[in-house]
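FYI, the numbering just counts along the sequence from 1.
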Amino acid sequence: MPPSPNASNASPADAAVRDARESDLPRIVELLAQLSLDTPREALGPPLPESYRRAFQEVQADRRQRLLVAEAQGRVVGTASLIIVPNLSHQGRPYAIVENVVVDAAERSAGYGELLLRHAMGEARRAGCYKLSLTSNKQRKEAHRFYQRLGFRATHEGYRVDL
């Protein structure tokens, strides 16, 4: 795929992972919209619906959650959510979940997703987690190869109920 006019022409060596700021919200929602496989699920605005700001503030207030962004040359190119979950099994060691992993379509395969996930793995290790889990839509075969390359294994069958 040729680079889009929005491509940053940066590399992971020029990028950093940081906690998201509220000013990043429009870009994060734009990235999350790229996750939709069928029916659009994000409301891009403008203006950005207030529900996103409320949710962001709740995430920020929860010490167990982190909204991460990969930034290259001042532009947010990817995002992921990291959640640390207290746990009674495994001798009380917590576990971590990563959700909403997305790198801008124009920036994929450049190493930003790996940068984000390796950062999340490091944060989970520092928190004493015994595992880091994620789910990925069964249709996302390229994403599955990516996760496997990073050491993730398909060990369970996942289920969900939409509410």
Check: When rounded to the nearest 0.5 angstrom, what distance separates OG in S136 from CZ in R145?
Finding: 11.0 Å

Checklist line | Sidechain-backbone polar pair: R27 side chain, V76 backbone, donor-acceptor under 3.5 Å | finding: yes

Notebook entry, point to check: Among the clusters formed by ILVMFWY side chains lying less than 4.5 Å apart, do Y52 and L67 turn up in the same one?
Noted result: yes

Next item on the list: Could you list the residues that satisfy side-chain hydrogen bond (donor to acceptor under 3.5 Å, both in side chains) with R160, not counting sequence neighbours?
Entry: D162

Next item on the list: State whether the number of non-hydrogen atoms from other residues, nucleotides or ligands found under 6.0 Å of R41 atom CZ is greater than 12.
Entry: yes

Note to self: Quick test of your reading of the model: are D24 and R18 salt-bridged, counting only N-O distances below 4.0 Å?
What the structure shows: yes

Next item on the list: Give the minimum heavy-atom separation between A20 and V69, together with the two atoms involved.
Entry: CB-CG1, 3.9 Å

Notebook entry, point to check: Roughly how far, to the nearest 0.5 Å, is CG of L82 from CG of L134?
Noted result: 11.0 Å

Check: So which heavy atom on F152 is nearest to which on L132, and how close?
Finding: CE2-O, 3.7 Å

Checklist line | N87 backbone acceptor or donor facing R93 side chain under 3.5 Å | finding: no

Margin query: Whether the Y130 and Q91 side chains hold a donor-acceptor pair (N or O, under 3.5 Å, no angle test) is what I'd like checked.
Written below: no

Identify every side-chain donor-acceptor pair in residues 116-125 under 3.5 Å, counting partners at least two apart or on other chains, and give the distances.
unit_1	atom_1	unit_2	atom_2	d
R118	NE	E114	OE2	2.9
R118	NH2	E114	OE2	3.3
E123	OE1	R66	NH1	2.6
E123	OE2	R126	NE	3.3
E123	OE2	R126	NH2	2.6

Checklist line | salt bridge (charged side-chain N to carboxylate O under 4.0 Å, His left out) between E58 and R53, worked out | finding: CA-CA 9 Å; E58 286 183 39; R53 291 195 198 299; over 6 Å; no

Note to self: Do E99 and Q65 have side chains that approach each other closer than 4.5 Å (heavy atoms only, starting at C-beta)?
What the structure shows: no

Checklist line | Residue pair Q57 / E22, side-chain heavy-atom distance below 4.5 Å | finding: yes

Note to self: Checking the side chain of T79 only, and the main-chain atoms of L68 only, is there a donor and an acceptor separated by less than 3.5 Å?
What the structure shows: yes

Checklist line | Test side-chain hydrogen bond (donor to acceptor under 3.5 Å, both in side chains) applied to Q60 - qualifying residues, sequence neighbours left out | finding: none

Note to self: To the closest 0.5 Å, what do you measure between CZ (F56) and OG (S51)?
What the structure shows: 14.0 Å

Notebook entry, point to check: I28, V102: one ILVMFWY side-chain cluster at the under-4.5 Å cut-off?
Noted result: yes

Note to self: Looking at every non-hydrogen atom in both residues, tell me the closest pair between A72 and A15 and how far apart they are.
What the structure shows: CB-CB, 4.1 Å

Check: Can you name the closest pair of heavy atoms from A43 and P49 and give their distance?
Finding: O-CD, 3.3 Å

Margin query: Applying a strict under-4.5 Å side-chain criterion to I, L, V, M, F, W and Y, I'd like to know whether V29 and V77 cluster together.
Written below: no

Check: Which heavy atom in S36 sits nearest to a heavy atom in R140, and how many Å separate them?
Finding: N-NH2, 4.2 Å

Margin query: How long is the straight-line distance from CD of E107 back to CG of L31, given to the nearest 0.5 Å?
Written below: 9.5 Å

Margin query: I'd like to know if the side chain of H144 and the backbone of N137 have a donor-acceptor N/O pair within less than 3.5 Å.
Written below: yes

Notebook entry, point to check: Side-chain contact, heavy-atom cut-off 4.5 Å: C129 with P94?
Noted result: yes

Notebook entry, point to check: Any idea which heavy atoms bring L48 and P26 closest together, and the distance?
Noted result: CD2-N, 3.9 Å

Margin query: Starting from I84, can I reach I97 by hopping between I/L/V/M/F/W/Y residues whose side chains sit under 4.5 Å apart?
Written below: no

Next item on the list: Report whether V59 and I83 are members of the same hydrophobic cluster (ILVMFWY, side-chain heavy atoms less than 4.5 Å apart, transitive linking).
Entry: no

